[in-house]
Structures are given as C-alpha cells and as structure tokens.
Amino acid sequence: TTLITDGTATTPTQGNVAFGPVPANLNQNQFITSPNNNSGNIYKDVNGTGTLSSTTSTWGSPIGLGTDPATGVVYGINSKTLSKWSGTGNATAVGTITGDAIWTAGTTLNDIAVDAGGNLYCIVFSGANTYLYRINPTALTAKLVVQATGTFITDGTTTNGNGLAYMGDYFYYSRINGVNTDIWRISACTGGASTYVGSVTGLNFGDLASCATV
C-alpha cells in the first residue's frame, strides 16, 4: 500500500471511498468518502491535492460507494437499497434492487463496482456459495453474472469491512481479518475462478475504489 493523501476524519470515521471523474468536469478525478451514517457529510479530494474537504452535502447511510466513470455519478449501496450523488446537493434514494431467488435470499457484499456502461456489480453470499451480480441502476434489477469457484470466503455474515473493485480482468474483494486485510479476486471471464491474492499486514481497510473499468 502507498499513502496518497491524509484527511481529517469525522465521527464516525469515514469508511466508504469511491474514485472517478468530477460530474461537472469529466477531465478531473476526485476521491469521494462518507461515513456509514445518515447525517454523514460527503467529503471529496479533487485531483489528489492531499486535502479532504466537506461538500456540506449528506448521504443516506450507504455501506459501499462506486463512481460511474462515464458520468461521475457516485452510487451508494446498503444491503439491497441504492442511493446516488450527482455532485451537488444531498444524495438521493434510488430504490430497492430486486432479483432472482439467490439475490433475494442472499447477503450482499458491502461495496459495489461500476463499469463504463453504468452497470453496478455486487457480490452475494448464499449458504456456502458466492455469486457475482450485475445491477441495472435504472431498472433496479440484479442479474447473475457468475458463481465463484475455487477457494473463496463464503460466509458473508461473519466478514467485516468488505470491499469490491474492478481492475484488469478481475473483481477484487477485501475483508478485515484481525489486524490485517485479506485480498481475494474473482475472474468473471473464466468461469468465475476465484483465488486468494494475499494479506495486507497491520492495516484494516474495508472499502475499495476502482481505478479502471470493465
């Protein structure tokens, strides 16, 4: 890990992060962060200046964030409920995402990744199985992409601080494991093969932000 920027944390501490273009200027990028709190302000750092500043806008308690690389719209997810922030004003509720029986009964991962077409991706745990779903944020429907195969964390109810991000050919997933953070990855292009990447020792982080698009 490499430190990029420091910011003053709020109470509760920021736990969500997204990276992508500024909606009003797609040639600029920004980090967006917000605590898991109904009244938590949305903070941003434009072009990695090293300063997190409050937008005075608030969010409706998302657990994970993801930025649409085409528009700069930031989506937040909390279980199966979606919200979004368009760069000004407060975030707005979008609605509840529906899907098949696995989606309905399963436990959603606490983060999302967004592709260049504006589709959202989320991991779902159901029993001993792990699935990758694609979400249409307009229709609010989730569709199964692939079931993970191989070694993978399968119990979503006991994991802590889960993150999801897309890079290259893989969706990367993180979970806090004691004082460390374990990293796993799923290939959506080769039958859902999943592998353990490694552990970041002595550091806890839950949310991951994509810097590439599907």
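This structure is a prediction, so every number in the text was calculated from the model and none was measured.
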Min side-chain heavy-atom separation [X]-[Y] under 4.5 Å:
{"X": "N90", "Y": "W85", "value": "no"}
{"X": "T195", "Y": "W184", "value": "no"}
{"X": "K84", "Y": "L82", "value": "no"}
{"X": "Y196", "Y": "D182", "value": "yes"}
{"X": "N119", "Y": "Y121", "value": "yes"}

Least distance between heavy atoms, [X] atom then [Y] atom:
{"X": "P23", "Y": "G87", "value": "CG-CA, 4.0 Å"}
{"X": "M167", "Y": "Y172", "value": "O-CE1, 3.7 Å"}
{"X": "S194", "Y": "T149", "value": "OG-O, 2.6 Å"}
{"X": "I135", "Y": "C122", "value": "CD1-CB, 4.0 Å"}
{"X": "I186", "Y": "G192", "value": "CG2-O, 4.0 Å"}

Spacing of [X] atom [atom1] and [Y] atom [atom2] [to the nearest 0.5 Å]:
{"X": "L120", "Y": "I112", "atom1": "CG", "atom2": "CD1", "answer": "5.0 Å"}
{"X": "S174", "Y": "I183", "atom1": "OG", "atom2": "CD1", "answer": "5.0 Å"}
{"X": "T181", "Y": "L203", "atom1": "OG1", "atom2": "CG", "answer": "5.5 Å"}
{"X": "S199", "Y": "N180", "atom1": "OG", "atom2": "CG", "answer": "4.0 Å"}

* May I ask you to decide if L164's main-chain N or O and D111's side chain share a donor-acceptor pair within less than 3.5 Å? => yes
* Do N78 side-chain atoms and T81 backbone N/O form a donor-acceptor pair below 3.5 Å? -> no
Which donor-acceptor pairs under 3.5 Å do side chains of residues 136-146 form with protein atoms, sequence neighbours excluded?
residue, atom, partner, partner atom, Å
N136, OD1, T138, N, 2.8
N136, OD1, A139, N, 2.9

* To do: Look at the rings of F171 and Y166 and say which category their plane angle falls in: under 30° parallel, 30 to 60° tilted, over 60° perpendicular.
  => perpendicular
Side-chain polar contacts of residues 62-77 - donor-acceptor pairs under 3.5 angstrom, sequence neighbours left out - could you list them?
residue, atom, partner, partner atom, Å
D68, OD1, A70, N, 2.9
D68, OD2, T71, OG1, 3.3
T71, OG1, V73, N, 3.2

Can you list everything that forms a side chain to side chain donor-acceptor pair (under 3.5 Å) with [X]? Sequence neighbours excluded, please.
{"X": "D100", "value": "Y133"}
{"X": "Y131", "value": "N129"}
{"X": "S83", "value": "W59"}
{"X": "S79", "value": "none"}

* Asked: Passes side chain to side chain contact (heavy atoms under 4.5 Å, CB included), V124 versus L109? Steps please.
  -> CA-CA 6 Å; V124 170; L109 184 74; over 6 Å; no
